[in-house]
Structures are given as structure tokens and as C-alpha cells.
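Below you'll find the structure, written out as C-alpha cells, and then a few comments.
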Amino acid sequence: MNDWNLDSWKYRVAKHMPNYENEKDLKTVEQKLASFPPLVFAGEVRSLKNQLKEVSEGNAFLLQGGDCAESFSEFNADNIRDTFRVILQMAVVLTSGMKLPVIKVGRMAGQFAKPRSNPTEIQGSEEAPSYAGDIINDINFDPIKRKPDPHRMLTAYSQAASTLNLLRAFADGGYADLKHVQSWNMGFVQSGKQSDRYRHLAESIQESLTFMEALGINANNTPQLRKVDYFTSHEALLLPYEQSLTRVDSTSGKIYNTSAHFLWIGDRTRFIDSAHVEFCRGVENPIGIKCGPSTDADELNAILDLINPMNEDGKITLITRFGEDNVDNYLPNLIRSITREGKRVIWSCDPMHGNTIKSQSGKKTRAFDSIVNEVKQNFQIHKLEGSRAGGIHLEMTGQDVTECIGGSQSIGDSDLNSRYHTHCDPRLNANQAIELAFLISDWLTE
Ligand code: PEP
Ligand code: CO
């Protein structure tokens with residue numbers, strides 16, 4: 001790999017990165033982080049890559065989801081459990097429709113840094129740096145608290161470590177045992193259409209388990225029934241954090257980012273001379289690349305040559321986010337261009353970021369119907385183009401929030417004020433997420 005090293009990104013164009021006033025503080029934090037244990041292990045990353053290879057061959061489906069921005073203040077066990085649980089439920093629903101394994105990747109345990117359209121925010125006569133995620137500055141509008149503080153990276157590391165600890169316990173310690181498939185239907189999704197459908201599906205899974213048990217297939221001899229693989233991901237935006245957690249793996253001698261299993265490059269930092277592209281090309285982890293209306297297909301192909309020179313299967317996931325009105329204009333051409341160049345990629349659909357609107361009260365929201373519509377068009381376009389819709393990327397939570405309008409709870413504009421908790425973009429709540437999973441499963445069954 002030509003000229004790559006841990007610092008080589010510093011000689012490229014670094015957008016959406018904070019200016020830390022105190023270089024010495026930054027250095028101290030970086031050194032501390034670099035001395036801390038890895039959050040994920042190279043072997044786990046290799047396992048995810050192998051599973052993504054299956055996605056790219058059409059033998060599995062990728063489900064990626066979680067908060068737009070994790071926050072320090074809403075960090076607690078219930079939040080982590082509820083998001084984990086909804087992802088399990090969605091995976092069960094999708095598996096039943098697709099008859100394929102679902103690879104589960106959370107936007108969790110590190111999704112703290114946000115690119116912002118405006119570097120500063122003005123309130124009244126005061127101006128302050130924009131909020132850039134809890135790993136960088138404070139959400140409260142205050143010119144002092146909004147100054148980027150490198151020590152926040154240490155808090156983020158510690159939160160990510162505790163989050164991963166709990167996720168591993170849930171995934172491996174009995175909570176994810178398929179025999180609990182009915183009890184996952186708790187929390188607020190207990191009544192209504194989604195809940196009834198889910199209960200019905202859970203009952204039929206329960207029957208199959210009883211049947212299999214009679215044949216001698218059970219959780220003791222078939223670990224897949226008892227535990228799940230659950231991976232973590234975030235946008236690799238704050239490069240001092242990512243660099244400090246990047247290590248040489250002692251078993252393979254290769255370089256892995258150990259802050260998450262999967263990293264992605266955002267829509268605003270995806271360009272040929274980008275520091276973020278430079279950093280990501282040096283690590284073995286699978287890499288996602290967001291693609292929106294501003295994506296130039298030739299430039300994207302050149303970026304793929306840099307990040308995936310061996311054209312490895314499962315290495316690259318293109319996460320397309322065009323918006324329901326644009327997907328038809330852009331996606332077919334992008335698919336043709338990537339296919340023409342023979343590039344091996346997984347196509348995943350992010351139906352969130354192209355569908356953000358302002359509500360009457362001025363809050364950012366997204367209409368459930370627009371999200372559904374973009375996903376549906378994605379499936380249709382890939383079918384027409386002979387490519388494969390391999391995954392979905394969602395901003396969602398297990399909580400009963402009111403951030404996206406619509407869905408079977410009929411959340412309206414005036415409901416947004418009641419439980420609007422996101423630190424950045426509006427998320428699907430558990431009910432909406434499960435409803436979307438059922439819709440996808442229905443289309444594929446048809
Ligand atoms: C995000 O995923 O939160 C995000 C900022 O997306 P994009 O880079 O696609 O705008
Ligand atoms: Co977002």
C-alpha cells in the first residue's frame with residue numbers, strides 16, 4: 001500500500017474536523033487513547049468481512065441501524081437494550097420474508113461525531129460553533145461549551161466500551177436466544193397492528209423450535225439458536241480518535257481500526273483528496289461509502305481503486321441516500337457505472353438522509369411514507385438493473401419517540417413536540433422500524 005501511514009491523512013484535505021485550540025491537550029488525549037485496549041478485535045472484523053462476502057454473493061442481507069448521534073446524557077442500559085432488541089426483531093421479520101440470514105450491525109458504541117452544514121450557529125445576537133456531536137463539543141448553545149474539547153474523546157471511548165460490553169452480553173449471554181422471540185415484543189410495541197403481526201410470527205417460530213427440539217436440534221448443540229453475532233459501526237469522522245485506536249493485529253500483522261467493526265465515510269467527506277478516504281484506505285475493516293446526488297461516478301470509481309485495490313468482496317458497502325424524489329434519477333446510472341468498471345460492492349439503502357424535511361413547527365423530521373417509498377424504489381431499481389439490494393441503513397431507536405411523522409401510529413406534525421429526543425437527525429421509533437421490516441418482507445415474498 002503506497003505511502004500509507006497512520007499520519008498520512010494529515011497531508012490531505014480534512015473537512016468537518018474540529019480545530020482544537022490546545023495542541024498539547026490533544027496530544028495527551030491521543031497518547032492515552034493509543035495506550036487503551038482495543039474496543040473490537042481483528043478476528044471479529046474478519047468474521048464480519050466474511051459475512052459481508054455472503055451479502056455480496058446474495059446469500060445474506062445487511063441490516064445496519066441505530067442513533068443518528070449517540071449522546072452522553074442518554075447513555076443508559078435501557079436505551080442500548082431497546083435498540084438491540086428492535087434490531088433482533090427486525091432481523092427475525094426480514095429473515096422470515098427473505099429466507100436469508102441477516103447480518104446485524106448497530107450504529108452504536110462510537111457514533112458520536114457529526115458533520116454539520118454550517119460551522120457556526122447564530123441565536124439572537126450570539127454566535128457559537130455548531131454542535132458537532134458529544135465527542136467534540138456540548139449540545140447546549142454556549143460559545144464556551146461549544147468549543148471543541150479533546151477530553152470528550154476519553155468519555156466517548158469509555159461509553160463505547162461499556163456499550164460494547166452490554167451488547168456482547170446481550171448477544172451471547174442468553175437474551176438473544178431464539179426461544180425468547182416472543183418476549184422481545186415488549187416495550188411500547190405491545191399493542192396494535194405491528195405487535196399482532198410480530199406475535200403471530202413469533203408463535204410460528206416457537207412452533208418450529210419445538211418441532212426441531214423433538215428432532216434433537218436445540219440451543220445446546222446448535223449455538224445459532226442461542227446467540228447472535230452483533231457488530232458495531234460509526235462514521236469515521238473524527239480522525240484523531242480513529243487514528244489512536246488503529247493498531248497492528250498481532251496474529252495477521254495487518255492494520256485494523258479497533259474502534260468499531262465497520263466504518264463509513266460520510267457524504268460530505270467522500271472525495272478523491274479527502275483525509276477520510278486516505279485514512280480508511282489503510283485499514284482492513286469493511287468500509288461503507290455514502291453516496292448522494294453529489295456523487296460523481298468517475299470519482300467514486302477512483303476512490304474504490306484506492307480503498308479496495310484488490311476488488312475484494314465484502315470490503316465495500318455503497319450506502320445510497322438520494323431521497324425518494326431523486327433515487328430514480330441517480331441510482332440507475334451509478335449502478336451502471338460501478339458495474340461497468342467491474343467493481344465488487346454491496347448496495348445498501350439509507351432512506352433517511354435524502355428525506356429530511358422541516359415540520360411546520362420548524363423541527364427536522366422525515367415522513368415514514370417517503371422512507372418506505374425510497375426503499376421500495378431501491379429494490380425495484382436493483383431488480384431492473386440486475387444488481388442486488390443487499391442492505392438497509394437506518395436511523396432508528398427502540399424508544400417510543402415521535403421524530404418521524406406517519407406510520408401506523410399516525411404520528412403527526414403536532415405530535416413531534418411530545419417525545420423528540422434525538423441529538424441530531426429524526427429517527428424511526430421501534431414501531432415504525434418493525435413496520436418497515438414487515439413491508440420489506442412482504443414485497444420480497446410477493
Ligand atoms: C449520517 O449518516 O448521520 C450522515 C451524516 O449521513 P450522510 O453522510 O449520508 O449525510
Ligand atoms: Co444522520
Side-chain angles (χ1 to χ4, degrees), residues 14-18 62-71 74 83 105-119 130-136 139 156 232-239 242 260 262-271 274-277 279-280 286-296 299-300 303 316-324 326-327 330-331 334 346-358 363-367 370-371 374-375 378 391-397 401 403-404 420-429 432-433:
K15 290 193 184 163
H16 296 278
M17 208 102 80
L62 168 65
L63 170 62
Q64 188 173 19
D67 284 331
C68 177
E70 288 174 281
S71 83
E74 291 196 20
T83 300
V105 181
R107 278 177 70 116
M108 284 172 111
Q111 176 49 25
F112 289 109
K114 302 309 299 173
R116 302 314 300 262
S117 316
N118 299 315
S130 291
Y131 171 60
D134 276 6
I135 197 172
I136 293 172
I139 194 165
T232 60
S233 69
H234 60 257
E235 178 173 353
L237 188 65
L238 186 59
L239 296 180
E242 302 305 339
F262 178 110
L263 298 170
W264 76 85
I265 298 171
D267 192 51
R268 298 162 181 82
T269 47
R270 177 215 60 244
F271 53 94
S274 154
H276 296 84
V277 170
F279 178 78
C280 286
I287 301 290
I289 304 177
K290 293 286 200 101
C291 302
S294 68
T295 307
D296 176 272
E299 187 176 27
L300 181 60
I303 290 172
I316 301 283
T317 301
L318 296 182
I319 306 167
T320 60
R321 27 90 78 225
F322 291 109
E324 61 165 339
N326 276 327
V327 57
Y330 291 98
L331 184 58
L334 190 65
I346 293 165
W347 294 98
S348 176
C349 168
D350 164 1
M352 314 299 294
H353 288 88
N355 291 313
T356 315
I357 52 172
K358 267 231 158 82
K363 280 195 147 54
K364 270 208 257 182
T365 188
R366 290 159 173 158
S370 306
I371 292 167
E374 179 161 357
V375 178
N378 246 268
I392 177 158
H393 181 116
L394 303 172
E395 289 185 340
M396 49 174 273
T397 167
V401 298
E403 297 171 6
C404 291
Y420 193 97
H421 299 311
T422 182
H423 274 218
C424 192
D425 290 336
R427 302 161 293 178
L428 295 174
N429 66 27
Q432 292 168 325

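Starting from 1, each residue takes its place in the sequence as its number. Just so you know, ligand 1 is whichever comes first in the structure, and atom 1 is the first atom listed for that ligand.
Closest non-hydrogen pair, A69 versus K114, comes out as CB-CD, 3.7 Å. Of all heavy-atom pairs between R268 and K15, the closest is O-CD, 4.3 Å.
Shown here are the ring pair (Phe, Tyr, Trp, His ring centres under 6.0 Å) partners of Y330, two or more places apart in sequence or in another chain: F322. F112 pairs by the ring pair (Phe, Tyr, Trp, His ring centres under 6.0 Å) definition with F72, not counting sequence neighbours.
For ligand 1, the protein residues placed under 4.0 Å by at least one non-hydrogen atom are C68, R107, K114, P115, W264, G266, D267, R268, K290, R321, H353, E395.
Electrostatic pairing of E395 and R366 counts as a salt bridge here, judged by a charged N lying under 4.0 Å from a carboxylate O.
Within the sub-2.8 Å shell of the Co ion (ligand 2), the protein contributes these N/O/S atoms: C68 SG, H353 NE2, E395 OE2, D425 OD2.
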Item to check | Test log, rule side chain to side chain contact (heavy atoms under 4.5 Å, CB included), inputs I303 and R270 | outcome: CA-CA 8 Å; I303 290 172; R270 177 215 60 244; 4.0 Å; yes
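If you check the side chains of H276 and E242, you find no donor sitting under 3.5 Å from an acceptor. S348 and Q64 form no side-chain donor-acceptor contact under 3.5 Å, judged by distance and modelled atom types alone. Donor-acceptor pairing under 3.5 Å is lacking for the side chains of R321 and H393.
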